[in-house]
Amino acid sequence: MNVVPLEGSVEAGPFEVTYVTLTHSIPEPNALAIKTPAGTILHTGDWKIDPDPLIGEGVDVDALKRLGDEGVLAMVCDSTNVFVEGESGSEATVRRNLIKLIGSLSGRVAVATFASNVARVATVIEAARLSGRSVCLAGRSMHKIVDAAVSTRVLTELPDLVDEADAGSFPPDKILYLCTGSQGEERAALGRIASDTHRHISLGAGDTVIFSSRVIPGNEKGIFELQNTLAEKGVRIITDKMSKEPIHVSGHPARDELERMYQWVRPRVSVPVHGERRHIMEHATFAKSLQVADAVTPRNGDLIRLAPGKVEVIDVVPNGRLHLDGNRLVPAGSEGLRERVAISKYGYVTASVSIDEDGSIADGPYVSARGLSEEDGSLADESLDAVEAACDEALDGLSRRKRLDDEVVETLLVRAIRRTCERVFGRKPLVDVTIMRV
């Protein structure tokens, strides 16, 4: 492992890479200024402009301006909040508001936030201290991040934290739980608390859960289910949208911050990244409105020629996630993985039938199932009688000539089984049909 200091540089073949201090929702975020024989590329990574980030240094504006003065061929830049007007806001503002909010609450308080946002973690701990509450960390990643922050002295003067096993002995108005699970993850700390499966922590009427986080697109269903479960217990829910003052700020630049970055760096080419398709397209349009000469709108895997010559996508590199499936690396959308997910959700049914050479049913059909249950919780058994009956009826309605066609028989039985299982079990399982010719 090679440790690179802040504002350090690394030689990598024909490239010289210099680290430029930015601000984000993690400690020590950096842009990379990559000097190449064809020109300098600035890759921002995730960033924002936080005038008071609480932990770490502010944006190194002088370094960015120097790069602009020297000339930047292209800037690869965060697009996440390109539709958001104004600025993203400061962690210092969130600290003031959370201190005020937590100090006004009675009963147990739990705060869910991203563990990687060490400044926010420090803010919650400080708010608890000022309100006379001890802090209990709940969730594996929360413990890991805090341990790492303490060992690297990113967090200093940390008060004594309460072990989960001991937190229940504290009076309700003297304890605060700092939890993982802001995105509705079932196995995270807050999810287990909501489902009453946490070994040591419980919440109920008179308690409050604060979501100091945003809803990441795609997580809406899980988050709302979690909040509804907590509300059913009488727990008060407070989210950023419900608070009069911000209790969360984004780690990504809004339009005013993007404009300032382009004014400092003045790249010839804009390469928007980090966002959905609509974000990428809007960012390219916005960059051109700021007098950037050229902009590309890449997709994952696009190989872009920046120089010499025309700026354009010239190839596509194989890309995507790989899963370790046993001892094989397979694409994330592989058929085997999708099939296993489907089996886990819907169950699995097999049917076998013997048909002789003139199309008569010699034996069967016999049906067996996996992943389906009787009402008493046992594996499906007697309920499969209805499925076998449906198979019998389907085959009886088929002429002997058509029974000689394996594809016709298989399609007929699959439809009959799935239709009957939906009526009996409320789900359509995966179905395999075995046809034996005798």
Side-chain angles (χ1 to χ4, degrees), residues 24-27 46 48 50 54-55 80-81 84 88-91 93-95 97-99 101-102 105 107-128 133 135-149 155 161 164 167 175-198 200-203 207-233 235-243 245-252 274:
H24 180 47
S25 56
I26 62 171
D46 289 348
K48 63 184 288 185
D50 191 332
L54 300 180
I55 289 178
T80 309
N81 280 345
V84 178
S88 57
S90 174
E91 284 294 331
T93 301
V94 174
R95 175 166 291 190
N97 295 334
L98 279 177
I99 288 173
L101 174 60
I102 291 172
L105 299 174
R108 297 175 184 83
V109 173
V111 180
T113 192
F114 300 106
S116 59
N117 191 335
V118 178
R120 191 72 53 80
V121 169
T123 285
V124 174
I125 292 173
E126 176 65 6
R133 295 177 182 266
V135 175
C136 173
L137 303 182
R140 184 179 304 171
S141 61
M142 193 67 71
H143 283 279
K144 289 175 64 177
I145 290 289
V146 170
D147 288 346
L155 280 182
L161 300 173
E164 293 179 11
I175 192 71
L176 180 145
Y177 299 106
L178 182 50
C179 303
T180 59
S182 65
Q183 298 306 300
E185 307 95 324
E186 290 184 8
R187 299 306 304 160
L190 191 57
R192 289 185 287 122
I193 293 170
S195 63
D196 292 325
T197 57
H198 197 286
H200 304 294
I201 303 173
S202 62
L203 297 174
D207 299 333
T208 303
V209 173
I210 300 170
F211 285 81
S212 183
S213 57
R214 67 179 285 241
V215 176
I216 295 177
N219 293 342
E220 295 88 350
K221 182 178 179 181
I223 293 172
F224 296 151
E225 287 180 354
L226 170 64
Q227 293 176 352
N228 287 333
T229 301
L230 289 166
E232 189 71 24
K233 298 175 177 294
V235 176
R236 180 186 178 190
I237 307 297
I238 300 177
T239 67
D240 185 48
K241 290 185 177 181
M242 298 166 58
S243 176
E245 302 294 338
I247 57 173
H248 173 72
V249 290
S250 175
H252 304 275
H274 300 183

List the residues meeting side chain to side chain donor-acceptor pair (under 3.5 Å) with [X], not counting sequence neighbours, and say none if there are none.
| X | answer |
| --- | --- |
| T113 | none |
| D196 | K233 |
| S141 | none |
| S90 | D50 |

Give every donor-acceptor pair under 3.5 Å between a side-chain atom in residues 223-231 and any protein atom, sequence neighbours left out.
{"unit_1": "N228", "atom_1": "ND2", "unit_2": "F224", "atom_2": "O", "d": "3.1"}
{"unit_1": "T229", "atom_1": "OG1", "unit_2": "E225", "atom_2": "O", "d": "2.9"}

Supply the atom-to-atom distance [X] [atom1] to [Y] [atom2], rounded to the nearest 0.5 angstrom.
| X | Y | atom1 | atom2 | answer |
| --- | --- | --- | --- | --- |
| R133 | L178 | CZ | CG | 13.0 Å |
| E245 | D240 | CD | CG | 10.5 Å |
| I247 | T239 | CD1 | OG1 | 6.5 Å |
| Q183 | N219 | CD | CG | 4.5 Å |
| I238 | L101 | CD1 | CG | 4.5 Å |

If I compare all heavy atoms of [X] with all of [Y], which pair ends up nearest, and what's the gap?
| X | Y | result |
| --- | --- | --- |
| L137 | L161 | CD1-CD1, 3.6 Å |
| M242 | I237 | CE-O, 2.8 Å |
| A122 | L155 | CB-CD2, 3.6 Å |
| D46 | H274 | OD1-ND1, 2.8 Å |
| L98 | S212 | CD1-OG, 3.9 Å |
| V109 | I210 | CG1-CD1, 4.2 Å |

Taking the side chain as everything from C-beta on, heavy atoms only, tell me whether [X] gets closer than 4.5 Å to [Y].
| X | Y | value |
| --- | --- | --- |
| V111 | R120 | no |
| T93 | V249 | no |
| T180 | R187 | no |
| V135 | V124 | no |

Atom CD of E186 with >12 non-hydrogen neighbours under 6.0 angstrom |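 Check fails, neighbour count at 12 or below.
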
* Within a reach of under 6.0 Å around CZ of R236, are more than 12 heavy atoms found that belong to other residues, nucleotides or ligands? ->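 12 or below, so no.
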
Practice item. Tell me, please, which residues at least two apart from R108 pass salt bridge (Lys or Arg N to Asp or Glu O under 4.0 Å). Key: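 With sequence neighbours excluded, R108 shows a salt bridge (Lys or Arg N to Asp or Glu O under 4.0 Å) to D207, given in chain and number order.
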
Check your understanding: Quick one: salt bridge (Lys or Arg N to Asp or Glu O under 4.0 Å) partners of E126, sequence neighbours excluded?
Key ->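 Applying salt bridge (Lys or Arg N to Asp or Glu O under 4.0 Å) to E126 gives R129.
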
For this session: Not counting sequence neighbours, which residues clear ring pair (Phe, Tyr, Trp, His ring centres under 6.0 Å) with H252? List them please.
Result: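 H252 satisfies ring pair (Phe, Tyr, Trp, His ring centres under 6.0 Å) with H24 once adjacent residues are dropped.
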
Looking only at atom types and distance, does a side-chain atom of [X] sit under 3.5 Å from a main-chain N or O of [Y], one as donor and one as acceptor?
| X | Y | value |
| --- | --- | --- |
| S213 | F114 | no |
| S182 | F211 | no |
| K48 | S25 | no |

[X]: side chain to side chain contact (heavy atoms under 4.5 Å, CB included) partners, not counting sequence neighbours:
| X | result |
| --- | --- |
| A119 | L54, I55, E91, N117 |
| A127 | I99, I102 |
| S195 | T197 |
| E164 | C136, A138, H143, H198, H200, I201 |

Could you check C179 against I193 for side-chain contact (heavy atoms from CB on, under 4.5 Å), going step by step and ending with a plain yes or no? CA-CA 10 Å; C179 303; I193 293 170; 4.1 Å; yes

